[in-house]
Amino acid sequence: MPRPILLANARIVDPSRGLDSPGAVVVSDGRIVAAGPEAANQGTPEGWEVFDCAGKAVIPGLVDMRVFVGEPGAEHLETLETASRAAAAGGVTTLVTMPDTDPVIDDPALVDFVLRRARHSALVNIHPMAAVTKGLAGEELSEFGLLKDAGAVAFTEGRRSLRNAQVMRNALTYGRDFDALIVHHTEDADLASAGVMNESEVATRLGLPGIPREAETILLERDLRLARLTRGRYHAAQLSCAASLDAVRHAKAGGLSVTAGAAIAHLSLNEGDIGSYRTFFKMSPPLRSEEDRLAMVEALADGTLDIVVSAHDPEDVEGKRQPFAEAADGAVGLETSLAVGLRLVHSGDVPLLRLVEAMSTAPASLLGLAGGTLKPGAPADLAVVDLNRPWVVTEEALNSRSKNTCFEGAKLSGRVTRTLVAGRTVYPYADGERGA
Amino acid sequence: MEISALLDLAEEEIAVSRQIEKKKQTLRGRTQINLFFEASTRTQSSFELAGKRLGADVMNMAVAVSSVKKGETLIDTAMTLNAMRPDILVVRHHSAGAVELLAQKVECSVINAGDGAHEHPTQALLDALTIRRHKGRLQGLKVAICGDIRHSRVARSNIILLQAMGAQIRLIAPSTLLPTAIDRFGVDIFNDMRQGLVGVDVVMMLRLQRERMSAAYVPSIREYFRYYGLDVEKLALAAPDALVMHPGPMNRGVEIDPLVADGPQSVIREQVEMGVAVRMAVLEALAQHLPNR
């Protein structure tokens, strides 16, 4: 039986209790016994494993609810195992996989497959989202009830958007009976058409076809009206522009069961980063203007954006070493999202408590998962973070099988030094070398 | 190299091209490969002649474009050609930025012969040369660029180059065929061709692809020709000695009336001759920087 653990002299950050204070964490039997100022006074019984966390913060492990993994079907990009190693290195203790794999996760047996593979090979908790429609074809609903019973935590079309409003209406309506959350990437396929980056002066100068903000906002507004009509549970997966945030504010003020997410990239980068056709910065939704980014940061601070995700999307050289318009979308992010998010904390734009809430507590609560908190009795899924430790992102040091990071060479402040899942240290690894 | 110096050099090349003995030795022993991922008879033959007149061994590679693995073909082809040790690659590609990407992967010099809707630098140079020969200058001229500016690398390169040389640019097009934020390019924009043409010294027409109709940019050829086609009547609004230009290939009866295309103010065929001269000048200027070992 593993020894109890004491994380001493730490700064305890637990958004589930609004707690940000000096203290300690006691872990036993894979669960949190105490976390906070009171835990510091319990002494150190004989035989405990003690970690001095002076100068570091202990936060609930991140719950990343938008992670693309290549398993099944594209294991050369990422497996559940390699994704979980990347997650552990980034302080992510729970990751939620997207259904757009090969085959598509639209059948209870496939949900079960992912869960079994994860149990067998992964270092962190893994929960799959299932497809809203069979085969992601946008036509017939998948079996929400059976899929949920099998372990699907929500329903999404992954990278795709539902074109047919009637199908979305029925998904929200039928989903309500099963308390199913519909998570949607909002991009109007016709307006986006051949677009490959934000529609703007930058795109015109590069000679690249643009995607107008309206491609996102129009579909989002349609969905929000359907959420009002059906009273279903709706989450906008990844927003990118100021106008969409206004739509979300309006919907929330109307009392709808609606939440919104953002990828770390859209909080930290803008279209200018594409520079001279840098395909690692090609993603969907596209990076927008600096004004949009600032609006996104403000929306994170004020809670309009409930959740921050990595939108981890591994792509290999074949997919990225292409002319910009033909290159694959997406960037990896499991290992860097916390450190990049901390930029917003260091700059004073977002309080640490709020960032951790958006990356951990809020997604856990939205999906009904046990993590995202340091309350006594909760699973000991947590990360120890040296908030000011500088480091430089390098491709070679990434645990992810794919290396398409937007942050190669970036100097970041804040490094995860230890990650625990159910009380077990999953980072640094047993050999002490990997990813350090 | 200064643009003016390049144009001056091109003037010398015109003389070479008009002699019986059209051969120079500047690129003797050098290998030039024309790598065209998008068909273009005009530009490709222009570069081929230019290279040959300077003494280079020129090889044309027309790369069949498979619909799926375009980019793979690009990098793979680049690496393969690189291994054959060419001195100069002339590249045309349907995707913006593709030529730059390829240039990063090979060791030889690369000339952009047009990439997507991004740039077509030698076209802008040949247009500038044609204008300068007729007008004696570029500074202060009013140049109207008309038609499908949204999808045009020719328009973008001409805006950049002619503005740098002091010309005033007007863009004339239906709003659907103008790219986003084009008003930030320091140009005057007209949706009414009659207004836009008043007093201009140069009318530069662009080709309208037929597929713009199916993608709902414009409703029909007859409507487009009525409002945006250059006919005798509209041309009369420009300066009396205004030049009519077109990068080719022309759609007579779509963006330009045959009477104008083949009329006294047209310098369209001369543009083709200037194309060879300008490409010789570009190659010759480049030759001074090729490694000599």
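A note on names: the letters A, B, ... follow the listed sequences, proteins ahead of strands, and every chain is numbered from 1. Reckoned from all heavy atoms, side chains included, excluding hydrogens, waters and symmetry mates.
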Q.
I'd like to know if the side chain of B:Arg156 and the backbone of A:Thr204 have a donor-acceptor N/O pair within less than 3.5 Å.
A.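 Yes, because the side chain of B:Arg156 sits within donor-acceptor range (under 3.5 Å) of the backbone of A:Thr204.
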Q | Side-chain heavy atoms of A:Arg205 within contact of B:Glu119, under 4.5 Å | A |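 No, too far: nothing below the 4.5 Å cut-off.
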Q: Answer with side chain, backbone, both or neither: which region of B:Arg184 has an atom nearer than 4.5 Å to a non-hydrogen atom of chain A?
A: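 For B:Arg184, backbone and side chain are both near chain A.
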Please check if the number of heavy atoms outside [X] that lie under 6.0 Å from its [atom1] is greater than 12.
| X | atom1 | answer |
| --- | --- | --- |
| A:Glu298 | CD | no |
| B:Arg212 | CZ | yes |
| B:Glu107 | CD | no |

(Q) Testing the basics here: between B:Ala96 and A:Leu208, what is the closest heavy-atom pair and its distance to 0.1 Å? (A)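 That closest heavy-atom pairing would be CB-CD2, 3.7 Å.
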Q: Would you kindly say whether B:Thr180 and A:Glu201 are connected by a side-chain donor-acceptor distance under 3.5 Å?
A: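 Looking only at side-chain atoms, A:Glu201 and B:Thr180 do not form any donor-acceptor pair under 3.5 Å.
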Q) In terms of heavy-atom pairs under 4.5 Å with chain A, which of B:Ala215, B:Ala117, B:Ala181 leads? A)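 Sorted descending by pairs with chain A, the first entry is B:Ala117.
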**Q.** Sub-6.0 Å ring centroid separation between B:His118 and A:Phe324
**A.**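 For B:His118 and A:Phe324, the ring centres are not under 6.0 Å apart.
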Q.
I need the B:Leu101 CG to A:Gln322 CD distance, nearest 0.5 Å.
A.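 CD of A:Gln322 is found 8.5 Å from CG of B:Leu101.
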Q | Per-residue contact mode, A:Ser276 against chain B (heavy atom under 4.5 angstrom) | A |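 For A:Ser276, backbone and side chain are both near chain B.
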